[in-house]
Every structure is written in C-alpha cells, then in structure tokens.
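What follows is a structure written as structure tokens; I'll ask about it next.
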Amino acid sequence: MSASALPELRAHTLDAQRQWCVDPRTKILLVLACSIAVMSPGGLRFVPVVLILAIGMAVSERAWPRALGLPATVTVTWVLGWLLPLWWPNAFTAIVALACTYLIRFVATIGVGMHLIATTSPMQLAAAFRAWRIPRPISVTLAVMLRFFPVVSSEAASVLDAMRLRGLAGTSGLLRHPVLTLERFTVPMIAASLRASEDLSASAILRGLGSYRTPTAMHPPRFGPADLVLVITAAVLTSAALVLPSPLT
C-alpha cells in the first residue's frame, strides 16, 4: 500500500467508527426517558430494563469496572431492600427497604447517565444543543460542567493520594484526626476547583464558546445505525417489562 493511500484509509476507518457512534441527542433523550420511567409511580417495573441498558452501554465502551459494579450494587440493594425484611422483619429493616426502593432507581439511572458523561465530549454536547436550538447560556454552561467534573475528580484523587501518604486518608485517619483530615482535603480542593474553573474559562474563550457567531462543527451530530439499534433495543426491553412480571414488585 502506498503512502498516499494511508490518509484515505484512515479517513474511511474514522468515518466507519463515527457511523457506529450513538448521537449525543439520542443519549440525552435516553437518560431523560429512563429517569422519567423509573421515577414515576410503578417505576420499579422499569428498573431491570434501565439496568440492562446501562450494563450494555458499559460493555460497549469497555468500562469493565462500571459493567461489574452496577449489577453488584443492585444485587446488594435488592438483598437489603427485598430479602432482608423477609428474613428479619422489624422497623429498622422496613426503613432500609423503603430507602432501597428509591436507591435502586437512582443506581440504574446513574448508570445510563455515566455512559453519557464518559462518551460525550463538551464539543459534541455543544453541537447537539446547537442542533436543538437551545439557548447559548444553557449549552455553554452544561458543556463546561461536563468538562469540569472529571477535572475535579482527578484533583480529588491526587489530594487523597497525598493525604494517604500522611496517614490522614481512610476511616482510621478520619476517626483519629477528623478536623485535620477535613481541613487537609477541603482547602486543596477549593484551590484546585478555582484553578480548574479559570483554566476551563480560558479554554472556553479560546474555543469561541462566548462568540456571537454560530460555530461550525467538524462532525455535526447525525442519527445513524447505532441510534436505530439502541432505540429498537430499548423498545423491545420496555415491551418485555410491560408484559413480563417484575422481580422488584
């Protein structure tokens, strides 16, 4: 293969990959639909459907910790909320069961939302909002927030590593030095958050997010085969949830 054909082959490969990427608007609508379904009266019937979608999305992006953590968390919640009151009926287990009926809904919905956050860049989110004609202050704010939380999360991990070297991290450090532990975590996180917000503001200005002109997306959002497969899968699972008996009711 000649060297001149390599860029063309690479372009075809990227186009094929983008064709099987889910449109950000589809992911946003899916998160909204899952939230409304599981939080509505009788929403426990749709929790297994949302959980299957969340696990399938995690597997598709090879996020194995999330793919394994979601069913493990739901299993623990199901044991505490449904089996424990049967084995040990009292007022305490009744309160735990009531809390778990809402917690399991949040876990399933957060699993779908984590896929949206992990696979959608701020520029893709901004392009999707422009396609929906959403006002610029809302779209810019949400796009910056999408980039802000991963930066703060990495800064928090660095602060915890430094605290762990000083013996202030974990339950033992919090019990031995509660005030010092909170101080050594809170003060660096405030400084890191302010620094991250300034950097993100400068980056947003350089990218033209504050401009009055409508930017042109290099890869505008388009509905494709992946969106159709996701919609059909969600429709089939929803139909099954309406027909089959639910294990959570």
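The model shown is predicted, which means the values in this text are computed figures rather than measured ones. No hydrogens, no waters, no symmetry mates; every other heavy atom, side chains included, goes into these values.
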Original post:
What do the steps show when you test Phe129 against Ile138 for side-chain contact (heavy atoms from CB on, under 4.5 Å), and what is the final call?
Top reply: CA-CA 9 Å; Phe129 286 153; Ile138 298 177; 5.9 Å; no
Subject >> Phe223 side chain reached by Thr26 side chain, heavy atoms, under 4.5 Å >> reply: yes
**OP:** Considering non-hydrogen atoms only, spot the tightest contact between Cys21 and Asp227 and give its length.
**Re:** O-OD2, 4.1 Å
**OP:** For Pro24 and Ala128, work out which heavy atoms get closest and say how close.
**Re:** CB-CB, 3.9 Å
Original post:
What's the spacing between Leu103 CG and Leu80 CG if we round to 0.5 Å?
Top reply: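 Answer rounded to 0.5 Å: 9.0 Å.
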**OP:** With the side chain counted from C-beta on, respond yes when Ile110 and Val107 share a heavy-atom pair under 4.5 Å apart, and no when they do not.
**Re:**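 They are not in contact (no side-chain heavy atoms under 4.5 Å apart), so the answer is no.
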Original post:
Does the Asp23 side chain pair with the main chain of Arg222, one donor and one acceptor, at a distance under 3.5 Å?
Top reply: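 The answer is yes, because a donor-acceptor pair under 3.5 Å joins these two groups.
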Original post:
Is there side-chain contact between Leu83 and Trp78, with heavy atoms separated by less than 4.5 Å?
Top reply: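 Contact flag for Leu83/Trp78 side chains = yes.
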Original post:
Is the number of heavy atoms from other residues, nucleotides or ligands within 6.0 Å of CZ (Phe148) greater than 12?
Top reply: yes
Original post:
Got a sec: does the CH2 of Trp64 have more than 12 other heavy atoms crowding it under 6.0 Å?
Top reply: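 Check passes, neighbour count above 12.
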Subject >> CZ on Arg105 to CE on Met39, rounded to 0.5 Å >> reply: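 Answer for the CE-CZ pair, Met39 versus Arg105, is 7.0 Å.
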Subject >> Joint hydrophobic cluster, Val38 plus Leu32, side-chain heavy atoms closer than 4.5 Å >> reply: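 Both belong to a single hydrophobic cluster.
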**OP:** Could you tell me the separation between the CG atom of Leu230 and the CG atom of Leu53, rounded to the nearest 0.5 Å?
**Re:**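 Output value for this atom pair is 6.5 Å.
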Original post:
Minimum heavy-atom separation for His115 to Ser60, with atom names?
Top reply: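 That would be CE1-OG, 4.2 Å.
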Original post:
Taking ILVMFWY side chains as joined if any heavy atoms are under 4.5 angstrom apart, and letting links pass through other members, which residues group with Ile232?
Top reply: Leu228, Val236
**OP:** Taking the side chain as every heavy atom from C-beta outward, state whether Met57 and Leu116 have any atom pair closer than 4.5 Å.
**Re:** no
Original post:
So which pairs with a foot in residues 183-200 pass side-chain hydrogen bond (donor to acceptor under 3.5 Å, both in side chains), sequence neighbours left out?
Top reply: none
Original post:
Tell me, do Thr93 and Asn90 make a side-chain contact under 4.5 Å, heavy atoms counted?
Top reply: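 Sidechains of Asn90 and Thr93: in contact.
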Subject >> Ala97 versus Pro85, closest heavy-atom pair with distance >> reply: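 Answer, listing the atom of Ala97 first, then Pro85: CB-CG, 3.6 Å.
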Original post:
Counting distance only, does the side-chain N/O of Arg45 pair as donor-acceptor with the main-chain N or O of Leu244 below 3.5 Å?
Top reply: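 Looks like yes, one N/O pair under 3.5 Å.
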Original post:
Should the heavy atoms of other residues, nucleotides or ligands under 6.0 Å from CZ of Phe106 be counted, would the total exceed 12?
Top reply: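 It does not: Phe106 CZ has 12 such atoms or fewer within range.
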**OP:** With side-chain contact (heavy atoms from CB on, under 4.5 Å) as the test, would you mind laying out the steps for Leu237 and Phe46 before giving the verdict?
**Re:** CA-CA 9 Å; Leu237 292 176; Phe46 299 101; over 6 Å; no
Subject >> Any donor-acceptor N/O pair, Arg66 side chain to Ile55 backbone, under 3.5 Å >> reply: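 Not a single qualifying donor-acceptor pair exists.
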Subject >> Test item: Ser139 and Arg130 side chains (from C-beta on) under 4.5 Å apart, heavy atoms >> reply: no
**OP:** Would you indicate whether the side-chain heavy atoms of Glu155 and Pro188 approach each other to under 4.5 Å?
**Re:**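 Counting from C-beta outward, Pro188 and Glu155 never come under 4.5 Å.
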Original post:
Should Trp82 and Leu84 be regarded as members of a common hydrophobic cluster, given that ILVMFWY residues are connected when their side-chain heavy atoms come within less than 4.5 Å of each other, either directly or indirectly?
Top reply: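 No; Leu84 is not reachable from Trp82 via cluster members.
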Subject >> Ile28/Leu125 under side-chain contact (heavy atoms from CB on, under 4.5 Å): CA gap, chis, key distance, verdict >> reply: CA-CA 9 Å; Ile28 295 172; Leu125 186 64; 3.6 Å; yes
Original post:
If you round to the nearest 0.5 Å, how far is CD1 of Ile117 from OG1 of Thr120?
Top reply: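 Spacing of OG1 (Thr120) from CD1 (Ile117) equals 9.0 Å.
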**OP:** Find the distance between OG (Ser35) and CG (Leu30) and round it off to the nearest 0.5 Å.
**Re:**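 Here the rounded value is 9.0 Å.
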Original post:
So Val47 and Leu44, side-chain contact (heavy atoms from CB on, under 4.5 Å) or not? Walk me through it.
Top reply: CA-CA 5 Å; Val47 169; Leu44 287 174; 4.2 Å; yes
Subject >> Test item: Val31 and Lys27 side chains (from C-beta on) under 4.5 Å apart, heavy atoms >> reply: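 No, side chains not in contact.
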